[in-house]
Amino acid sequence: MSVWARFKKLFDPIDLTKGSIAKGIGLFLIPIVLSLIFQQIYTLTDTIIVGQNLGEAEVAGVNSSAPVVWIVMQFAIGAASGYSVVTAERRGAKDEEGARKSYLTQIILTAITSLLLAAIALPCIDPLLSWLGIKGGTGNAAMQAEYEAAKSYIAVLYIGTFATAFYNMIFGVLRSYGDSFTPFLFLVISAVLNVGLDLLFIVVFHWGVAGSAWATVISQAFSAFGAMGYAALRYKNLRIHKSDWKISWRFVIRHLKNGLPMAFQFSLLEIGIIIMQAAMVSFDRDPSGAMVSAMPVQLGYGAACKVFNLMMAPMSGLGSAMLAFMGQNYGARNVERMRKGFRTSLYFGLVIWIVTAAIGLLLMINGAYQRIFLSADKINEDTLRYGNYYLFTVIPLLGFLILLFIGRNSMQGIEKPLWPFLAGIGELVARSVICLFLPQIVNGGAINCNASDWAYISVCLADPLAWIVACFFLVPPLIKSIAKWKKEEASESKDEEVTRP
């Protein structure tokens with residue numbers, strides 16, 4: 001087979017209901033992981049270029065505003081993931097008309113969702129930033145500069161909500177069809193475009209953090225609508241027919257029943273992240289409440305979070321792969337593959353845990369990760385200490401996060417969104433309670449720049465402890481489902497023996 005033929009073969013969709021389970025999941029997983037890594041490049045590029053070209057307040061504004069941005073964007077991402085379950089299930093059942101109608105339904109719902117999200121979110125920027133402890137008009141120059149940078153950055157991204165929404169919608173549809181390579185290629189193109197636009201808008205046009213946000217919106221929009229155009233050319237079954245507009249309300253409600261719980265779950269998780277970010281900001285205030293100019297916690301923790309998000313890409317990718325795998329096999333009613341596929345995913349998860357932990361620890365040597373995301377004048381002993389504390393706290397407990405990704409997406413793939421939703425609530429409550437109360441208990445008083453290192457570490461523990469609590473909500477129903485699959489498999493085998501001549 002020629003090189004060109006092998007390259008073209010990468011675009012062929014994978015039927016996850018047939019063949020070797022490990023090979024199928026592995027081949028499907030690799031492009032997803034690469035896609036998520038390039039997706040992180042959007043954020044990492046923003047941080048690197050902002051960190052190397054703009055001031056401390058603007059860097060802190062971008063870092064601190066991330067949870068406020070993602071509380072809206074995660075709603076769109078969660079909804080798209082939930083909607084795609086129906087497409088995968090119809091694809092697994094070989095119902096091409098149903099899969100096509102599911103795609104059309106997603107386009108309509110995504111357009112409505114993105115407009116509503118932007119309209120609701122834009123007026124809420126100030127209250128959300130205030131929740132983080134970032135306010136304008138306080139008379140503190142450092143806080144005012146951070147506030148203006150954060151507000152500018154968030155406003156542009158909220159205006160471009162449609163780009164994120166359609167970007168995740170079309171990639172979810174393509175993966176439901178077993179095509180994980182096309183999203184990867186469009187993400188590569190988009191990441192390159194994003195880098196070029198970042199440099200143009202920030203370095204040449206001097207648009208500041210708003211330029212970084214516009215680069216993200218434009219590159220995501222290009223990727224989203226380019227992929228939709230490709231899907232129409234590549235897959236005849238995704239070309240909308242006139243008859244497809246006859247969609248029943250029951251079908252729409254089915255999408256909403258899968259999409260909305262996941263959307264609210266993803267947003268709820270970001271509320272917990274906002275509370276955690278607010279707790280981190282407290283460590284950068286002096287006893288009078290004023291922001292210290294160096295902002296070591298926000299810079300150190302912010303850089304560490306970028307490393308963590310990069311490490312999380314293969315874990316999230318494994319979850320996305322299981323969503324499509326379970327969805328297709330649920331549609332095909334192939335309980336044996338579902339059970340074996342879940343077990344295989346745990347092996348993949350173990351390998352991912354070992355590799356990502358090693359990479360994370362290597363990036364910590366001599367503060368290498370901070371030199372990537374921050375200019376030399378912003379790095380000091382304090383930023384290194386705070387960033388390293390966070391990574392040392394979360395890396396040993398990443399196994400719980402991997403189990404959470406596998407369990408959450410597997411349950412979503414078999415159209416049981418209630419348990420992932422409850423797990424999300426458990427994660428939110430755990431993270432919030434820990435951040436609001438544990439630091440003060442450990443410190444023996446209010447939190448400010450003079451608080452102990454152990455008080456800071458107690459906030460870092462909020463992430464892994466929240467994952468553990470969420471797993472308590474997912475593991476029991478998962479075990480029950482797997483036991484049910486095994487019983488159904490045994491029953492089917494018995495029936496085959498009885499009917500065999």
Side-chain angles (χ1 to χ4, degrees), residues 41-76 114-115 117-165 167 193-222 270 273-274 277-278 280-281 284 291 293 295 298-299 301-303 305-306 373-375 378:
I41 287 176
Y42 284 130
T43 306
L44 297 181
T45 302
D46 293 342
T47 305
I48 292 169
I49 295 177
V50 168
Q52 298 293 337
N53 292 278
L54 302 177
E56 287 92 344
E58 290 166 303
V59 175
V62 171
N63 286 342
S64 299
S65 65
V68 174
V69 171
W70 285 107
I71 194 173
V72 173
M73 300 308 165
Q74 289 286 25
F75 191 97
S114 58
L115 286 172
L117 284 174
I120 294 169
L122 282 167
C124 296
I125 294 176
D126 275 355
L128 288 170
L129 284 175
S130 179
W131 194 4
L132 285 174
I134 302 172
K135 303 175 183 178
T138 63
N140 181 273
M143 182 178 287
Q144 183 66 30
E146 182 179 1
Y147 163 78
E148 291 175 359
K151 186 171 182 177
S152 174
Y153 185 71
I154 295 167
V156 173
L157 291 176
Y158 279 0
I159 291 169
T161 300
F162 74 93
T164 300
Y167 169 88
L193 178 61
N194 188 52
V195 171
L197 292 176
D198 262 330
L199 293 170
L200 177 66
F201 294 160
I202 294 176
V203 179
V204 179
F205 293 168
H206 304 290
W207 287 0
V209 294
S212 175
W214 277 118
T216 299
V217 171
I218 293 170
S219 57
Q220 284 192 341
F222 177 86
E270 287 305 315
I273 300 298
I274 288 177
Q277 182 68 44
M280 293 296 184
V281 171
D284 272 344
M291 192 78 71
S293 59
M295 303 179 187
Q298 293 176 73
L299 295 179
Y301 169 71
C305 282
K306 298 299 183 294
F373 303 119
L374 300 171
S375 57
K378 300 183 185 75

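Interatomic distance, CZ of Phe205 versus CG of Leu200, reported as 4.0 Å (0.5 Å rounding). To the nearest 0.5 angstrom, Phe162 atom CZ is 13.5 Å from Leu117 atom CG. Between the OG atom in Ser219 and the CG atom in Asn194 there is a gap of 4.0 Å [rounded to 0.5 Å]. Atom-to-atom distance recorded for Cys305:SG and Ile273:CD1 is 8.0 Å, nearest 0.5 angstrom. A distance of 10.0 Å separates CD of Gln220 from OG1 of Thr161, quoted to the nearest 0.5 Å. The CG atom of Leu157 sits 9.5 Å away from the CD1 atom of Ile125 when rounded to the nearest 0.5 Å.
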Practice prompt. Test side chain to side chain contact (heavy atoms under 4.5 Å, CB included) on Ile154 and Leu128 and set out the steps.
Written response: CA-CA 10 Å; Ile154 295 167; Leu128 288 170; over 6 Å; no
Worksheet item: Hey, mind stepping through Trp70 and Ile274 against side chain to side chain contact (heavy atoms under 4.5 Å, CB included) and telling me if it holds?
Response: CA-CA 9 Å; Trp70 285 107; Ile274 288 177; over 6 Å; no
Item to complete: Step by step, work out the side chain to side chain contact (heavy atoms under 4.5 Å, CB included) result for Phe75 and Thr164.
Response: CA-CA 10 Å; Phe75 191 97; Thr164 300; over 6 Å; no
Practice prompt. In sequence, state the C-alpha distance, the side-chain angles, and the governing distance for Val204 and Leu199, and then conclude on side chain to side chain contact (heavy atoms under 4.5 Å, CB included).
Written response: CA-CA 7 Å; Val204 179; Leu199 293 170; over 6 Å; no
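Shortest non-hydrogen contact noted between Lys135 and Ser130 is CE-OG, 3.2 Å. Nearest heavy atoms, Ile134 versus Tyr147: CG2-CA, 3.6 Å. Between Pro127 and Pro123, the closest heavy-atom pair is CD-O, 3.9 Å.
Looking at heavy atoms from C-beta onward, Leu197 lies out of side-chain contact with Trp214 at the 4.5 angstrom threshold.
Side-chain N or O atoms of Ser152 include none that pairs as donor or acceptor with a backbone N or O of Ala149 at under 3.5 Å. A distance-only check finds no donor-acceptor pair linking the side chain of Asp198 to the backbone of Ile49 [under 3.5 Å]. Between the side chain of Glu146 and the backbone N or O of Glu58, no donor-acceptor pair lies under 3.5 Å.
Phe201 pairs by the ring pair (Phe, Tyr, Trp, His ring centres under 6.0 Å) definition with Trp207, not counting sequence neighbours.
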